[in-house]
Amino acid sequence: MPNDWSSSGFDLHIDIGTAGGRRAGLELALREAVRSGRLKPGTPLPSTRGLAKELGLSRGTVSAAYDQLAEEGYLTVRPGSGARVAEVPASDPAPAIPATAPATPRHDLRPGLPDVSAFPVQAWLRACRRVLGSAPPRTFGAGDPQGQPQLRAAVADYLGRTRGVLTTPDRVVITSGFYQSLGVLSRVLTASGIGAVAMEDPGHNVYREVVQRAGLATPALTVDARGARVGSLAQDIGAVVVTPSHQYPTGVPLHPERRQALREWARATGGLVVEDDYDGEFRYDRQPVGALQGTAPDQVVYCGTVSKTLGPALRLAWMVLPRHLVGPVVRAKQETDMYTETIGQLVLAELIRTHAYERHIRSARLRYRRRRERLLEHLAAFPALTPHGVPAGLHTLVTLPPGGMTEQQLMAACADRGIAVRGLTELHHRPTPGTPGGLLIGFAASSEHGYPIALEALSSVLADAAR
Ligand SMILES: Cc1ncc(COP(=O)(O)O)c(C=O)c1O
């Protein structure tokens with residue numbers, strides 16, 4: 001119920017509401033007015049009788065509210081002189097909730113995102129019902145900082161079968177995304193005295209920043225047509241982050257000789273290899289190449305995520321660790337957020353256990369394979385553009401010829417048409433003027449319906465640029 005206290009000696013619009021009782025509403029409104037600075041320190045409040053009349057409350061209700069606020073320190077009440085606003089530091093006005101979630105673009109060709117319109121809602125609901133329908137009360141209690149045992153067991157089994165990862169559930173740690181996996185691991189590396197972690201160049205700038213925030217240097221590990229040039233790794237580098245199945249962003253797998261060289265570097269120097277297997281499930285021309293971890297489980301930390309298979313909304317991911325790192329990583333994870341939300345973990349475990357997870361991946365793989373072929377058909381009309389990478393993942397990198405439209409111009413032209421793609425330049429550690437520009441085109445993010453339309457829009461921008 002809104003009210004203006006103009007007749008009570010000062011002007012204050014207040015709404016004491018009705019939910020929770022009128023006395024509670026009055027207290028809330030007064031507290032908010034004092035804290036926001038709308039009622040300045042020293043301001044006399046209306047008499048209990050006057051305010052009661054004005055608000056249609058009993059005098060006892062107003063008096064009790066004043067007493068309560070006096071006890072909390074918002075008001076001072078002196079016999080004979082009534083209530084006044086006390087000295088309370090005014091808080092800043094409540095900040096607007098920042099709109100951090102990016103709006104969905106008209107034509108969604110962002111790399112690295114799956115088609116979330118195909119999220120397996122029914123399978124998720126069924127798994128959720130099964131999990132909650134038979135859940136003992138402790139399910140809703142505190143979780144395990146290492147991750148729920150059911151999910152660790154399901155993940156260990158799944159990764160062994162599908163990615164050739166060598167593990168047992170006690171070496172799996174569940175996290176809230178690769179972002180967190182890498183952050184936690186970086187803190188452990190810093191604490192163990194490591195000062196530098198080599199990172200692929202080009203590579204994902206966001207993850208470079210995650211490592212840097214832990215106080216680590218991130219020397220560049222350049223990438224060519226055979227993947228990361230691991231022969232250039234210095235002996236004194238403590239760790240390296242690589243994307244062996246499908247280098248991000250170039251899309252090339254790490255050549256077998258380089259895999260071998262990387263294992264040898266790790267064995268010879270005691271260095272740690274962090275394998276970011278972000279989209280290893282998606283290979284379209286053959287069986288996915290098994291994880292590097294499978295041939296060096298004591299030197300490699302394997303990292304996976306459901307962000308590409310199901311959707312980034314879930315914030316669920318895993319690390320498979322060399323045994324000596326399990327304790328330190330679990331402690332660092334616990335210091336970060338206690339444990340990852342447990343119900344989602346249990347539902348995912350059920351989805352994996354019943355193979356619904358793999359069925360979803362198989363069906364997505366078929367659709368993405370067709371979409372990638374379609375993208376390449378469109379790109380074939382622009383021979384000056386060079387597509388890179390093997391048939392895999394959720395995106396294709398195309399580099400631009402010198403002398404034509406620059407990456408920035410092309411990005412701007414795409415943005416004008418509502419097309420979201422990503423530029424290559426920001427993924428370089430230190431972009432130099434001679435570095436070719438490029439676009440990362442995601443073929444998975446659109447819905448089935450939206451994808452052909454997005455491709456037409458992209459083709460028309462590329463045709464304009466070619467003129
Ligand atoms: C290179 C790379 N690694 C890992 C991930 C997964 O990150 P997260 O599990 O934090 O969503 C992504 C997602 O964008 C990625 O692009």
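Note: hydrogens, waters and symmetry copies are ignored here, and every other heavy atom, side chains too, is used. Counting from 1, the numbers follow the sequence of the chain as shown. Ligands are counted one by one from 1 in listed order, and the atoms in each one are counted from 1 as well.
Given atom 3 (N) of ligand 1, the protein heavy atom at minimum distance is D276 OD2, 2.6 Å. Protein heavy atom in closest approach to atom 16 (O) of ligand 1: H204 CD2, 3.2 Å. Of the protein's non-hydrogen atoms, S307 OG, 2.6 Å is the one closest to atom 11 (O) of ligand 1. Nearest protein neighbour of atom 5 (C) of ligand 1, counting heavy atoms only, is Y207 OH, 3.2 Å.
Atom numbering of ligand 1 starts at 1 in the shown order; those under 4.0 Å from a heavy atom of R315 are 8 (P), 10 (O), 11 (O). Residue F178 has at least one heavy-atom neighbour below 4.0 Å for each of these atoms of ligand 1: 3 (N), 4 (C), 6 (C), 7 (O), 8 (P), 9 (O), 10 (O). Near G177, the atoms of ligand 1 lying under 4.0 angstrom from a non-hydrogen atom of the residue are 9 (O), 10 (O).
No donor-acceptor contact under 3.5 angstrom links the side chains of E341 and Q345, judged on distance only.
Evaluated for a side chain to side chain donor-acceptor pair (under 3.5 Å) with T340, the options K333, Q148, Q146 yield exactly one hit, K333. Put simply, the residue from L321, L166, V320, T167 that forms a side chain to side chain contact (heavy atoms under 4.5 Å, CB included) with P297 is L166.
R371 and E448 are joined by a salt bridge, as a carboxylate oxygen and a charged side-chain nitrogen come within less than 4.0 angstrom of each other. A salt bridge between R372 and D285 is absent, with no side-chain N of the basic residue lying under 4.0 Å from a carboxylate O of the acidic one.
Shortest non-hydrogen contact noted between L427 and R422 is CD2-NH2, 3.6 Å.
For ligand 1, the polar-atom distance check against K308 finds a nitrogen or oxygen pair separated by under 3.5 Å. Considering backbone and side-chain atoms together, P312 places no N or O closer than 3.5 Å to any N or O of ligand 1. When only interatomic distances are considered, the shortest N/O to N/O separation between T243 and ligand 1 does not fall below 3.5 Å.
Every heavy atom of Q180 sits 4.0 Å or more from the atoms of ligand 1.
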### Stepwise side-chain contact (heavy atoms from CB on, under 4.5 Å) check, T354 with R130
CA-CA 11 Å; T354 57; R130 273 195 302 273; 3.8 Å; yes
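The aromatic rings of F282 and Y284 are tilted relative to each other, their planes meeting at an angle between 30° and 60°.
Counting heavy atoms under 4.0 Å from ligand 1, residue Y179 touches it through both backbone and side chain.
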